[in-house]
There are 2 protein chains.
Amino acid sequence: MLSQTEENYLKALFHLTEEYADKPEAGTNELAAMLNVKPATANDMLKKLKEKKLIHYEKYGKISLTSLGKKQAIDIVRKHRLWETFLYEKLEFTWDEVHEVAEQLEHIHSPKLIEKLEKFLGYPLIDPHGDAIPNAKGELKLQARKTLSQIAVGKTCKLVAVRDNSATFLQYVVSVGLGLSSKIKVLNRQEFDGTMEIEVNGKKSSVSERFANNIFVA
Amino acid sequence: MLSQTEENYLKALFHLTEEYADKPEAGTNELAAMLNVKPATANDMLKKLKEKKLIHYEKYGKISLTSLGKKQAIDIVRKHRLWETFLYEKLEFTWDEVHEVAEQLEHIHSPKLIEKLEKFLGYPLIDPHGDAIPNAKGELKLQARKTLSQIAVGKTCKLVAVRDNSATFLQYVVSVGLGLSSKIKVLNRQEFDGTMEIEVNGKKSSVSERFANNIFVA
DNA sequence: TATATTTGTTAGACTAACCTAACTTTATAT
DNA sequence: ATATAAAGTTAGGTTAGTCTAACAAATATA
């Protein structure tokens with residue numbers, strides 16, 4: 001059985017290389033940064049994960065998940081998103097509160113618990129942030145999505161998910177009047193720095209390119 | 001913040017010395033046995049817990065919880081029993097399945113989660129095994145209880161809790177036709193070894209003294 | 001293309017939680 | 001009351017996961 005730490009490394013690699021990622025391989029430094037450890041620490045773990053056949057990795061080379069590692073990673077993501085859904089739907093947590101607690105709950109080991117939780121929640125397909133929930137077989141549907149920054153001036157789109165699940169980001173999102181399924185109209189875009197003016201429910205806001213890159217729309 | 005391991009030591013000490021225990025102090029060996037570690041290991045932890053002012057302890061002396069330690073222990077017991085109730089009431093786990101998973105869930109750190117879970121469950125007072133659930137202030141009602149072995153021949157009593165929450169014991173309990181609130185009539189008792197004959201819902205069974213010591217009745 | 005910068009690795013050290021083996025103290029039992 | 005048994009402690013070792021400091025390789029840039 002994997003330790004919580006090992007699970008966190010696999011999950012981080014999944015986010016870096018598999019799900020909605022531009023690159024299919026990750027580096028030691030970015031992995032370490034994502035997990036808030038030093039590169040030396042990550043390096044030790046990479047050797048261990050390779051030994052366990054969970055990742056592809058050669059000294060000084062790039063890192064990617066093996067099919068076994070990917071399977072494990074998806075299982076953790078599944079648990080994370082089901083717990084987030086539980087917290088949001090049943091316990092009345094807000095959008096920005098669910099992530100941190102789910103980070104702990106995702107490491108509970110009990111296949112029966114997850115099966116029953118999923119049933120209890122009515123087999124949900126997306127979590128409170130709009131991310132797809134993998135099914136028990138590890139299948140997950142990657143919806144076609146663009147980022148808000150890719151939408152042309154004058155067009156209207158719908159928020160389907162957010163890239164960053166941190167409380168600070170989500171609180172900002174809410175302050176602009178946005179939530180899942182919000183309709184967003186793009187009023188204007190600055191060539192210079194990508195700053196955009198948007199309209200949500202009649203309310204106009206100015207958002208940075210960085211912000212717009214973290215909003216998924218369809 | 002306490003580690004999971006530290007929490008487990010405090011919980012074990014609580015069960016040994018506070019709740020329904022004959023003795024107000026515990027020894028190193030019995031503590032180690034309860035936690036499935038060697039006495040030497042427990043000894044190391046005792047020094048640490050003393051340093052943190054969670055237990056009263058002197059070399060070669062007996063062990064007991066400080067008021068701070070007791071508060072922490074009760075909080076863990078509270079979480080354990082609320083999670084057991086959730087698993088039983090909402091996810092349709094059986095009596096004997098809840099304990100093991102709750103052993104993991106009790107270590108999730110989030111005061112808000114427990115408050116909201118308690119509310120979601122409707123502020124339950126007892127868990128699926130009949131044990132009292134402490135409230136948010138750490139108050140718990142110790143019901144007056146006897147063990148089945150203390151009931152006189154000819155008398156009838158009601159099962160209110162079980163001492164051992166392990167799956168094996170609970171499965172045995174179920175096989176005798178017993179559950180929470182079952183009416184038990186004591187038909188006979190052997191002087192020699194304490195073996196008892198009981199009747200539950202018209203079904204007669206013979207049970208050992210050891211078994212009867214683990215059934216709480218009122 | 002040679003050098004500087006970034007990226008990645010190694011060596012050595014630390015802490016928490018565990019172990020075994022040897023030892024000491026306390027309790028028990030003639 | 002003393003010997004034996006039981007209970008408890010200490011010393012030294014292991015593993016997982018972390019760190020810092022020094023070094024090596026790969027990449028970018030002038």
Side-chain angles (χ1 to χ4, degrees), chain A residues 1-13 16-17 21-65 69 72-73 76 103-104 106-109, chain B residues 1-13 15-17 21-65 69 72-73 76 103-104 106-107 109:
Chain A
M1 199 164 58
L2 299 177
S3 70
Q4 293 201 182
T5 308
E6 289 168 328
E7 290 187 345
N8 283 334
Y9 276 84
L10 294 181
K11 186 170 59 128
L13 284 169
L16 284 171
T17 66
D22 345 11
K23 312 269 177 186
E25 297 178 309
T28 304
N29 284 5
E30 58 177 337
L31 176 60
M34 177 166 278
L35 292 163
N36 290 307
V37 297
K38 300 297 171 198
T41 305
N43 188 263
D44 284 348
M45 183 58 88
L46 289 175
K47 290 173 189 165
K48 200 209 283 192
L49 294 176
K50 186 193 171 165
E51 192 57 39
K52 291 191 173 186
K53 303 204 186 300
L54 294 162
I55 61 171
H56 297 295
Y57 166 67
E58 297 302 332
K59 209 201 261 195
Y60 292 106
K62 290 295 177 181
I63 311 152
S64 62
L65 292 168
Q72 305 281 316
I76 300 153
E103 288 282 302
Q104 296 180 62
E106 73 191 5
H107 299 295
I108 302 292
H109 288 290
Chain B
M1 200 163 62
L2 299 177
S3 70
Q4 293 203 182
T5 308
E6 289 168 329
E7 290 187 345
N8 283 334
Y9 276 83
L10 293 181
K11 187 171 58 128
L13 283 169
H15 289 314
L16 284 172
T17 67
D22 345 11
K23 312 268 177 187
E25 297 179 309
T28 304
N29 284 6
E30 59 177 337
L31 175 60
M34 178 167 278
L35 291 163
N36 290 306
V37 298
K38 299 299 170 197
T41 305
N43 188 264
D44 285 348
M45 183 58 88
L46 290 175
K47 290 174 189 164
K48 199 208 285 193
L49 294 176
K50 187 196 169 163
E51 192 58 39
K52 291 192 174 187
K53 301 204 186 301
L54 294 162
I55 61 171
H56 298 295
Y57 166 67
E58 297 300 333
K59 209 199 259 194
Y60 293 108
K62 290 294 178 183
I63 312 152
S64 62
L65 291 168
Q72 305 281 316
I76 300 154
E103 289 282 301
Q104 296 180 62
E106 71 190 4
H107 299 295
H109 288 289

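Proteins come first, then strands; the chains are lettered A, B, ... in the order of their sequence lines, and each starts at number 1.
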Visitor: Quickly work out the A:Leu46 CG to C:dT7 P distance and round it to whole Å.
Guide: 16 Å

Visitor: Please give, in whole Å, the distance from C:dA16 C1' to A:Gln4 CD?
Guide: 15 Å

Visitor: Just wondering, do A:Met45 and A:Glu6 contact through their side chains at under 4.5 Å, heavy atoms?
Guide: yes

Visitor: Quick check for you: name the first and last nucleotides of DNA chain D, 5' to 3', having an atom under 4.0 Å from a heavy atom of chain B.
Guide: D:dA7 to D:dT10

Visitor: Which residues pass the side chain to side chain donor-acceptor pair (under 3.5 Å) test with A:Gln4, not counting sequence neighbours?
Guide: none

Visitor: So does A:Tyr57 get a backbone contact from the side chain of A:Lys50, meaning a donor-acceptor N/O pair under 3.5 Å?
Guide: yes

Visitor: Between A:Asn43 and C:dT9, is there a contact of a side-chain N or O with OP1 or OP2 at under 4.0 Å?
Guide: yes

Visitor: Where do B:Leu54 and B:Leu2 land on the side chain to side chain contact (heavy atoms under 4.5 Å, CB included) test, with the steps shown first?
Guide: CA-CA 11 Å; B:Leu54 294 162; B:Leu2 299 177; 3.8 Å; yes

Visitor: Any side-chain heavy atom of B:His109 sitting closer than 4.5 Å to one from B:Glu7?
Guide: yes

Visitor: Mind checking whether A:Lys11 and A:Glu103 have side chains closer than 4.5 Å, heavy atoms only?
Guide: yes

Visitor: Rounding to an integer number of Å, can you tell me how far B:Glu51 CD sits from C:dT15 C1'?
Guide: 15 Å

Visitor: Please report the shortest heavy-atom distance between B:Thr28 and B:Pro39, naming the atom on each side.
Guide: CG2-O, 3.7 Å

Visitor: Output the rounded distance in Å from CG (A:Leu31) to C1' (C:dG8).
Guide: 12 Å

Visitor: Please say whether more than 12 non-hydrogen atoms of neighbouring residues, nucleotides or ligands are located less than 6.0 Å from NZ in A:Lys53.
Guide: no

Visitor: Starting at CD of A:Glu25 and ending at C1' of C:dG8, how long is that distance when rounded to a whole Å?
Guide: 15 Å

Visitor: Here's a test of your reading of the structure: between A:Lys48 and A:Tyr60, which maps to the more 5' nucleotide of DNA chain D?
Guide: A:Lys48

Visitor: To the nearest Å, give me how far apart CD (B:Glu58) and C1' (C:dT24) are.
Guide: 17 Å

Visitor: Check nucleotides 18-20 of chain C against the protein and report each pair of N or O atoms closer than 3.5 Å, with its distance, or say if there are none.
Guide:
residue	atom	partner	partner atom	Å
C:dC18	N4	B:Asp44	OD2	3.3
C:dC19	OP2	B:Lys38	N	2.9
C:dC19	OP2	B:Thr41	OG1	2.5

Visitor: Does a side-chain heavy-atom distance below 4.5 Å link B:Asn8 with B:Glu106?
Guide: yes

